[in-house]
Amino acid sequence: MTAALHISSHPIVNVKLSQLRDVRNPPKVVRELVRELSLLLGYEAASGLSTVQGKQLMSPYEPYMNTELKQRVGLVPILRSGLGLVDGFLSLFPEAPVLHLGIYREKVSMQPVEYYNKLPQTPNVDICFVLDPIVATGNTAVATINILKEWGLSGANIKFVGVLGSQQGIDHIQREHSDVEIFVAAVDQRLDAHGYILPGLGDSGDRLWNTGA
C-alpha cells in the first residue's frame with residue numbers, strides 16, 4: 001500500500017507558492033516566502049503526530065496536566081536548499097535536532113552524490129521530517145530516504161516535506177518508498193531536458209542564497 005501524497009489545498013499556501021514562482025523576487029523575499037511556506041506545510045505534516053499527558057503545571061487559576069509530543073522529532077534538511085525550510089520547522093519543533101545531509105545532483109547523470117552526513121551513529125529521534133524545497137527527478141529524495149532507513153528508521157517514521165514536486169519525481173519516491181508520506185504545496189507536470197520543473201521555481205538553492213549566475 002502506498003503512503004499518502006498530501007498536496008496542500010490551503011488558499012494561503014497557494015497564494016504564497018504563486019508569489020514564490022515570480023522570477024523578479026530578490027533572495028530576501030524568496031527566503032521569507034519559503035520560511036512562511038515551511039510553517040504552513042509543517043503544520044499540515046505534523047497533524048498525524050501523537051501527544052501524551054506530561055507533568056502537572058499551574059495555570060493562572062489552578063493546576064492542569066500539560067500536553068507533549070509523544071515522539072522525538074528530528075529535522076533532516078538536504079543541503080543546501082533544505083536549509084531554507086529549517087527555520088519554519090524549528091518554530092514548530094524548537095527542541096528538534098537538525099541532522100544535516102549533503103547530497104547534490106550531478107549535472108550530467110542527474111544522479112545523487114552524498115558529500116556530508118551529520119547523522120549520529122544510532123537514531124536519537126523517532127520521526128524525521130526530510131526537508132527539501134524541490135522534488136525534480138526524485139533521485140535526491142530517494143537517496144536521502146535510503147540513508148535514513150539504513151540508519152534505522154522505518155518508512156512510517158519518515159515524512160518528506162517540499163514546496164514543489166514534479167509528477168515524475170513524486171512517482172519515483174512512491175515507487176521506491178511507498179511507505180513514506182509526502183507533503184508538498186503543489187505538483188507540476190513537466191521536467192525540461194536538464195531536470196528542472198516547468199513552470200517550477202527555478203534553482204531553489206541559487207534563489208535562496210543568491211548564488212545564481
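Of the N and O atoms on the side chains of E44 and H6, not one donor lies less than 3.5 Å from an acceptor on the other residue. Looking at Q167 and D171, their side chains do bring a donor and an acceptor atom within 3.5 Å of each other. A donor-acceptor contact under 3.5 angstrom links the side chains of E114 and N117, judged on distance only.
Side-chain atoms of R21 do not come within 3.5 Å of backbone N or O of G202 as any donor-acceptor pair. The backbone N or O of K55 sits less than 3.5 Å from a side-chain atom of N66, completing a donor-acceptor pair. In this structure, S178 contributes its side chain and Q174 its backbone to no donor-acceptor pair below 3.5 Å. No donor-acceptor pair closer than 3.5 Å links the side chain of D188 to the backbone N or O of S166. Judged purely by atom type and a 3.5 angstrom limit, S81 uses its side chain to pair as donor or acceptor with the backbone of G205. No donor-acceptor distance shorter than 3.5 angstrom exists from the side chain of N25 to the backbone of V30, with no hydrogens or angles considered. Between the H194 side chain and the Y196 main chain, no donor and acceptor come within less than 3.5 Å of each other. In this structure a side-chain-to-backbone donor-acceptor pair under 3.5 Å is present from H172 to T137. In this structure, R31 contributes its side chain and L208 its backbone to a donor-acceptor pair below 3.5 Å. Judged by distance alone, with hydrogens and angles left aside, the side-chain atoms of D22 form no donor-acceptor pair with the main-chain N or O of Q19 at under 3.5 Å.
Remark: L85 CG to L75 CG distance equals 10.0 Å, nearest 0.5 Å. Rounded to the nearest 0.5 angstrom, H100 NE2 and L119 CG are separated by 11.0 Å. Taking CG of L83 as the reference point, atom CG of L131 lies at 9.5 Å (rounded to 0.5 Å). Once rounded to the nearest 0.5 Å, the distance linking CD1 of I145 with CD1 of I158 reads 6.0 Å. For the atom pair CD1 (I134) and CG (L164), the distance works out to 4.5 Å, reported to the nearest 0.5 Å. Between the OH atom of Y116 and the CG atom of L79 there is a distance of 7.5 Å, given to the nearest 0.5 Å.
Put simply, the side chain of L39 reaches to within 4.5 Å of the side chain of L92, judged on heavy atoms. Considering only heavy atoms from C-beta on, V163 stays 4.5 Å or farther from S204 through its side chain. With a 4.5 Å cut-off on side-chain heavy atoms, V187 and I7 count as touching. Using a 4.5 Å cut-off on side-chain heavy atoms (C-beta onward), R35 and S91 make contact. Residues Q168 and L191 have side chains in contact (heavy-atom distance under 4.5 Å, counting atoms from C-beta outward). At least one side-chain heavy atom of I127 sits under 4.5 Å from a side-chain heavy atom of L49. Between D179 and K149, the closest side-chain pair of non-hydrogen atoms falls below 4.5 Å. Using a 4.5 Å cut-off on side-chain heavy atoms (C-beta onward), Q189 and L198 make no contact.
Partner of F129 under the ring pair (Phe, Tyr, Trp, His ring centres under 6.0 Å) criterion, out of F160, F183, F93: F93 alone.
Nearest heavy atoms, V142 versus I173: CG2-CA, 3.9 Å. Minimum interatomic distance between S50 and Q71 (heavy atoms only, all atoms of both residues): N-OE1, 3.2 Å. Contact between V184 and G165 at its shortest, heavy atoms only, is CG1-N, 4.5 Å. Between A185 and N14, the closest heavy-atom pair is O-OD1, 4.3 Å. Residues P123 and L153 approach most closely at CB-CD2, 4.5 Å, considering heavy atoms. Heavy-atom minimum distance, V130 versus I78: CG1-CD1, 3.8 Å.
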